[in-house]
Amino acid sequence: MTAYFKQITICLAALVAFASAAQTESNAYQFLNVSPSSHVYGLGGHNIALIDDDINLIEQNPALLGPEIDNQIGLNYMRYIGGSNFMGARYGMGINEHCAWAAGLQYYGYGSMTATEADGSISGTFTARDLAVNATFSHDITDNLRGGINVKFAHSKYEAYSSAAITADLGINYYNPENELSLSLVVKNLGGEVKKFGDKRASVPWDIQIGYSQLLHSVPFRFSVTAYNLRYWHLPYYEPQDKSNASSDIIKRDKFMSNLFRHLVFAAEYVPNERIYIGLGYNYKTRTDMSNYKRNFISGLSIAAGLRVKAFGFGIALAQPHTGATTFMVNLNASLAQLLH
């Protein structure tokens, strides 16, 4: 066990140094922050402490992977903003009663776009896409504590330009099955570019997150709170001073309570049994980022639902972050071990 902690410490120190050296003016690879899990997306887009028999959740926290998710495959598809289409697959398998591994591939397609010259004349069309390949490993530290690492290779190609980066997520999870209490800490997207778009090197969006999830015993409800963007306290935003007037002056919001809530994602779920969940999430940062003078009432809200039938699990999520953008995601996971027996 001492050797295991030593290896994790060395890996963390190296990745922090790599990430610090890579920080520059621009911040790219934001697609790494889009969850492929419909369960998570429907609960506000961030949830690192959610315990469920679903391999799609491990993208949020590698410590959620374990030998209990053995021989399981997960598929996801998302219709995103602006006609973008995201899809991916991952597979996980237990190594022994304390370790597990997984591998996955995620594709982000943005469709065809109009190419123009410097003078504004149209010269044709081009495509843009992002790709992420990941490998995950987890290990039980104690009966209630588990650690994990997820290494990702990210590649972007926009028209004739391309770039690549290597990042890693380091996570830890404490889970008490008697109280259905889950606590997590994750450092996400440590790393940096290995191939630049041009002359300037872009930084990856690394982050520190803390998560809490609790399933109540007296009533069939689960509540979750996730704190993210913890590298910074100030997360100011801008909105119209008069939300009923399109020509109103734009003002900056940077007060204590707005900063606090822009770090938090809240979620509540109805979980009558292990086979069904219906959830609602609220992300205040999404709501304020998408604010306009016609303020969308449901911006920042999202819904999720899931059903497990024998060896299969199905999940869907729906959100409308902006008045002109409705997003939809669907997940499927299957236990190959159950199907083969």
Side-chain angles (χ1 to χ4, degrees), residues 16 19-20 23-35 40-50 60-61 80-82 182-190 202-214 221-269 279-304 317-327:
V16 168
S20 299
Q23 302 307 304
T24 58
E25 298 177 357
S26 60
N27 196 316
Y29 306 98
Q30 291 294 333
F31 61 91
L32 295 174
N33 290 327
V34 180
S35 174
V40 170
Y41 188 73
L43 297 183
H46 300 275
N47 195 315
I48 63 172
L50 190 60
Q60 286 285 291
N61 182 357
Y80 199 56
I81 296 172
S182 176
L183 301 171
S184 289
L185 170 66
V186 178
V187 182
K188 287 194 170 185
N189 298 322
L190 287 170
S203 62
V204 296
W206 78 278
D207 190 18
I208 301 172
Q209 301 183 3
I210 299 173
Y212 158 82
S213 183
Q214 175 82 64
F221 286 95
R222 176 165 53 202
F223 296 94
S224 301
V225 180
T226 305
Y228 71 117
N229 276 329
L230 296 183
R231 292 176 57 209
Y232 312 100
W233 166 250
H234 289 280
L235 295 175
Y237 69 98
Y238 299 84
E239 68 175 3
Q241 187 172 18
D242 181 359
K243 298 181 179 65
S244 63
N245 184 358
S247 59
S248 173
D249 292 336
I250 302 299
I251 58 175
K252 180 180 178 179
R253 300 290 192 188
D254 193 18
K255 295 183 179 180
F256 176 85
M257 292 304 295
S258 68
N259 279 307
L260 174 64
F261 280 98
R262 278 169 64 81
H263 283 283
L264 301 176
V265 176
F266 300 93
E269 297 173 85
L280 177 69
Y282 180 68
N283 189 322
Y284 183 70
K285 186 176 186 300
T286 297
R287 176 174 175 80
T288 50
D289 284 347
M290 296 295 159
S291 172
N292 59 33
Y293 78 97
K294 290 184 178 180
R295 180 65 71 95
N296 182 13
F297 173 75
I298 63 175
S299 178
L301 292 172
S302 53
I303 58 174
L318 183 68
Q320 191 181 59
H322 190 271
T323 53
T326 300
T327 58

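Keep in mind the model is a prediction, meaning the values are calculated, not measured.
Of the possible donor and acceptor atoms, one in the side chain of His263 sits under 3.5 Å from a partner among the backbone N and O of Tyr232. In this structure a side-chain-to-backbone donor-acceptor pair under 3.5 Å is missing from Ser35 to Val40. When atom types are taken as modelled, the side chain of Asn47 and the backbone of Ala49 share a donor-acceptor pair closer than 3.5 angstrom.
In this structure, Leu318 and Thr326 have side chains that are in contact, with non-hydrogen atoms separated by less than 4.5 Å. Within the 4.5 Å cutoff, no side-chain heavy atoms of Phe223 are placed close to those of Gln214. Side-chain atoms of Arg222 and Leu50, non-hydrogen and from C-beta on, do get closer than 4.5 Å to each other. For the pair Lys285 and Tyr228, the minimum side-chain heavy-atom distance is below 4.5 Å. Contact annotation: the side chain of Thr286 never approaches that of Leu301 to less than 4.5 Å [non-hydrogen atoms, C-beta and beyond].
Other residues, nucleotides and ligands contribute only 12 or fewer heavy atoms inside 6.0 Å of the CZ atom of Phe261.
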Legend entry - Leu185/Ile208 under side chain to side chain contact (heavy atoms under 4.5 Å, CB included): CA gap, chis, key distance, verdict: CA-CA 8 Å; Leu185 170 66; Ile208 301 172; 4.2 Å; yes

Inset, instruction - Assess whether side chain to side chain contact (heavy atoms under 4.5 Å, CB included) is satisfied between Val186 and Gln60, documenting all intermediate values. - result: CA-CA 8 Å; Val186 178; Gln60 286 285 291; over 6 Å; no

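Side-chain contact check for Arg262 and Thr288: at least one donor-acceptor pair (N or O, by modelled atom type) lies under 3.5 Å.
Residues Tyr29 and Val204 share a closest heavy-atom pair of CD1-CG1, 3.8 Å. Shortest non-hydrogen contact noted between Gly44 and Asn283 is O-ND2, 3.0 Å. When every heavy atom of Lys252 is checked against every heavy atom of Tyr238, the shortest pair comes out as CB-CE2, 3.4 Å. Smallest separation of non-hydrogen atoms from His46 and Thr226: O-OG1, 3.3 Å. Among all heavy-atom pairs drawn from Val265 and Leu43, the shortest one is CG1-O, 3.4 Å. Closest non-hydrogen pair, Tyr212 versus Leu183, comes out as CD1-CD2, 3.6 Å.
Partners of Asn259 by side-chain hydrogen bond (donor to acceptor under 3.5 Å, both in side chains), not counting sequence neighbours, listed by chain and number: Asp254. Remark: Tyr284 engages no residue in a ring pair (Phe, Tyr, Trp, His ring centres under 6.0 Å) (not counting sequence neighbours). With sequence neighbours excluded, no residue satisfies side-chain hydrogen bond (donor to acceptor under 3.5 Å, both in side chains) with Ser302.
One distance of note links CG of Asp207 with CG of Leu230; it measures 6.0 Å at 0.5 Å rounding. With values rounded to the nearest 0.5 angstrom, Phe266 atom CZ is found 11.5 Å from Ser224 atom OG.
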